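Below you'll find the structure, written out as structure tokens, and then a few comments.
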Amino acid sequence: MSGFTTLLYKEVLRFWKVGFQTVAAPVLTAMLYLLIFSHVLESRVRVYDTVSYTAFLVPGLVMMSLLQNAFANSSSSLIQSKVTGNIVFVLLPPISYREFYGAYVLAAIVRGLVVGAGVLIATAWFAPLNFEQPLWVVVFAIIGGAVLGSLGVIAGIWADKFDQLAAFQNFLIMPLTFLSGVFYSIHSLPPFWQQVSHFNPVFYMIDGFRYGFFGRSDVSPWQSLAVVACCLGLLAALTLTMLKSGYKLRN
Amino acid sequence: MPPAIRVHQVAKRYGDVEALAGVDLEIADGEFFGLLGPNGAGKTTLISALAGLVRPDSGTLEVMGHDVQSDYRNARRMLGVVPQELVFDPFFSVRETLQIQAGYFGIAKSPARENWIDEILENLDLTSKAGANMRTLSGGMKRRVLVAQALVHRPPVIVLDEPTAGVDVELRQTLWQFIRRLNREGNTIVLTTHYLEEAESLCGRIAMLKAGRVVALDSTANLLRRCAGHSLRLRLAGGQPPPVLRERGEEKDGLWSIVFDRYEEIETLLAQLRNAGCTIDELEIGKPDLEDVFVSVMQGRLGAARP
Ligand SMILES: Nc1ncnc2c1ncn2[C@@H]1O[C@H](COP(=O)(O)OP(=O)(O)OP(=O)(O)O)[C@@H](O)[C@H]1O
Ligand SMILES: [Mg+2]
């Protein structure tokens, strides 16, 4: 077992041990969204001609929960370790900055996938789902989780206090995920807001993810993949540069 | 054979504070070394630089010949650090904590690893707490786990940053017994502590740090010798203190102390007092201890560094 696999194992074990908060709670939240929104909007909104609103909503909620929890995993683990000081246990061993990044991001993906699967299982009862193109589902789930996991690493390293992390979460992550077409198709927005949505990378994650279920989406899944993969590349480069320089961790 | 630790011209500033102002230090393989200095002297900063927790502004550090930056994997494998701050991961039990720490160093689960963990637990009197969650341990027990974590990958160089702060007498003794054994078995030990009698009895060589500089570096025996020497302390039954006391001695609450270098001097001193007609009420001979040395070094009264 290498330092990398141990760190990955420890990060997974960390959220699994408190699974009630880290898995069950977000699944419940997603179910509440589904109950309320589908109840209010089911009869009024029809997204694609063949897809009911509830069916449309389910993949969006799955992806939103996956992304938010991927972010929460790496960011909260890092800030807790920094504030309590036990981050030294990871900084003292011969673990490279690349392994450090890989372990935190992979654990974030795992948490995202576990929560996403939980939401899917819990909400799929309410609407018939088909998996038209399951490979897209998997690809967007993993890359999306990696993007938010990287953002979580950045936020966790940058923030010195819990309220700074909360600000990052409330003013960046929440708006990005809520205004991404989870609850609506952006085609139902006025043209200006449609344009704005195209600058939100989370929109492409959700749109591409949904394509895997319905074979329909607002933009081509290839375009979404390109945007999301570029985001991941940029964020990975930024995070690795931060980690390599030892920013806030080694000084 | 490279030295266990080599510190070359290491400097580190925090804003206006010069935490390390060009430190040079070499610690040979197998030494029991003391790093002393008042609060804020830079001890922890030096240890952090050695462990790669802090990047120095300039200078280089090596552990067993491995540069802590360019060859950090080997350097860190060779080094076990007990941090000064009482830190722990509240998610895990004592045994899990140690298993994870071993894993970080690439040591896979095996009977040998578990035996070593058991042995460490035993020696630090933690066996009964192996399954307990870290949160439920007392402060002293958490400190022991920190020591255990530093040893789990069997590092040849062990650095302990105030390992006995807040630890009861019994554990202090068990801890030193264990650390002494590790030192006998060939490990290099570096210790910082504010309990000077501890350093005096354990360390073969000592460096004293003040404001980021090494202000004394010598064997413990030499440091003790270089200090003011022995002192004769006495109290007079009454009457005027004779000239010899007023010239050579210092008085505090009626207790006179006269510093001397050789025991033969006592005879002359006592004769002079007798001739002056003094009656001695109380008398003792004080040996210099590390605290005297420390105080005189810090006040700048005693020798410069001899690196
Ligand atoms: N992260 C930091 N930011 C700013 N200043 C720091 C930081 N770490 C240490 N210092 C300063 O550097 C100096 C040396 O601190 P250091 O912790 O190395 O002292 P020390 O010898 O270990 O003291 P003590 O005996 O109290 O543990 C102090 O003046 C301290 O205030
Ligand atoms: Mg210190």
Side-chain angles (χ1 to χ4, degrees), chain A residues 1-23 73-74 76-104 107 111 157 160 162 241-251, chain B residues 12-14 45 47-57 66 68-69 71-93 96-110 113 133-135 142 145-146 149-150 152-153 155 159 161:
Chain A
M1 197 134 104
S2 69
F4 165 76
T5 46
T6 307
L7 183 54
L8 173 59
Y9 165 78
K10 177 227 139 196
E11 279 300 296
V12 171
L13 196 61
R14 193 195 73 95
F15 82 75
W16 194 244
K17 281 200 167 196
V18 286
F20 203 69
Q21 290 168 45
T22 55
V23 179
N73 203 64
S74 46
S76 66
S77 174
L78 277 166
I79 189 114
Q80 273 181 21
S81 293
K82 278 188 359 179
V83 170
T84 60
N86 65 40
I87 189 91
V88 295
F89 300 146
V90 187
L91 298 178
L92 289 172
I95 295 174
S96 73
Y97 70 94
R98 288 191 190 88
E99 293 169 319
F100 184 99
Y101 172 76
Y104 276 92
R111 158 102 169 260
I157 291 173
D160 297 314
F162 284 101
T241 312
M242 275 171 85
L243 288 171
K244 189 178 180 197
S245 75
Y247 174 73
K248 291 219 178 174
L249 288 182
R250 292 189 191 273
N251 70 63
Chain B
K12 175 75 189 176
R13 294 190 78 91
Y14 291 108
T45 307
I47 291 170
S48 303
L50 196 64
L53 298 174
V54 154
R55 304 232 167 110
D57 301 332
H66 303 287
V68 302
Q69 278 180 39
D71 191 8
Y72 68 93
R73 278 190 199 268
N74 284 315
R76 289 186 202 166
R77 230 169 250 134
M78 301 287 159
L79 187 68
V81 176
V82 181
Q84 177 176 2
E85 301 290 329
L86 201 55
V87 295
F88 63 97
D89 195 329
F91 285 93
F92 303 109
S93 72
E96 282 172 331
T97 299
L98 297 179
Q99 288 170 331
I100 289 172
Q101 202 63 27
Y104 287 157
F105 283 87
I107 303 165
K109 195 176 167 89
S110 69
R113 179 180 101 172
N133 183 284
M134 288 300 301
R135 252 189 317 239
K142 285 182 186 130
V145 178
L146 276 183
Q149 276 177 274
V152 84
H153 59 291
V159 180
D161 198 352

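This is a predicted model, so every value here is computed, not measured. Just so we're on the same page: letters track the sequence lines, and every chain starts at 1. Computed over heavy atoms, backbone and side chain alike; hydrogens, waters and symmetry mates excluded.
Within the model, atoms CZ of B/Arg55 and CG of A/Leu249 stand 9.5 Å from one another, a figure rounded to the nearest 0.5 Å. Note that CG of B/Leu86 is 11.5 Å distant from OG1 of A/Thr84, once rounded to the nearest 0.5 Å.
Shortest non-hydrogen contact noted between B/Ile100 and A/Lys10 is CD1-CG, 3.9 Å. Summarising the geometry of B/Leu53 relative to A/Leu91, their closest heavy-atom pair is CD2-CB, 3.6 Å, with the distance given to 0.1 Å. Between B/Tyr72 and A/Ser96, the closest heavy-atom pair is OH-CB, 2.9 Å. B/Gln101 approaches A/Pro93 most closely through the heavy-atom pair NE2-CG, 4.0 Å. Across all their heavy atoms, B/Pro83 and A/Val88 have their closest contact at CG-CG2, 4.3 Å. Heavy atoms only, all atoms of each residue included: A/Leu92 and B/Ala51 are closest at CD2-CB, 3.5 Å.
Neither the backbone nor the side chain of A/Ile87 comes within contact range of chain B; no heavy atoms are under 4.5 Å apart. In this structure, the portion of A/Lys17 lying under 4.5 Å from any heavy atom of chain B is its side chain and not its backbone. Neither the backbone nor the side chain of B/Glu85 comes within contact range of chain A, judged by heavy atoms closer than 4.5 Å.
No more than 12 heavy atoms of other residues, nucleotides or ligands lie within 6.0 Å of CZ in A/Arg98, so this atom counts as exposed by the packing criterion.
The shortest distance between side-chain heavy atoms of A/Leu13 and B/Phe91 does not fall below 4.5 Å. Using a 4.5 Å heavy-atom threshold, the side chains of B/Tyr104 and A/Leu7 count as touching.
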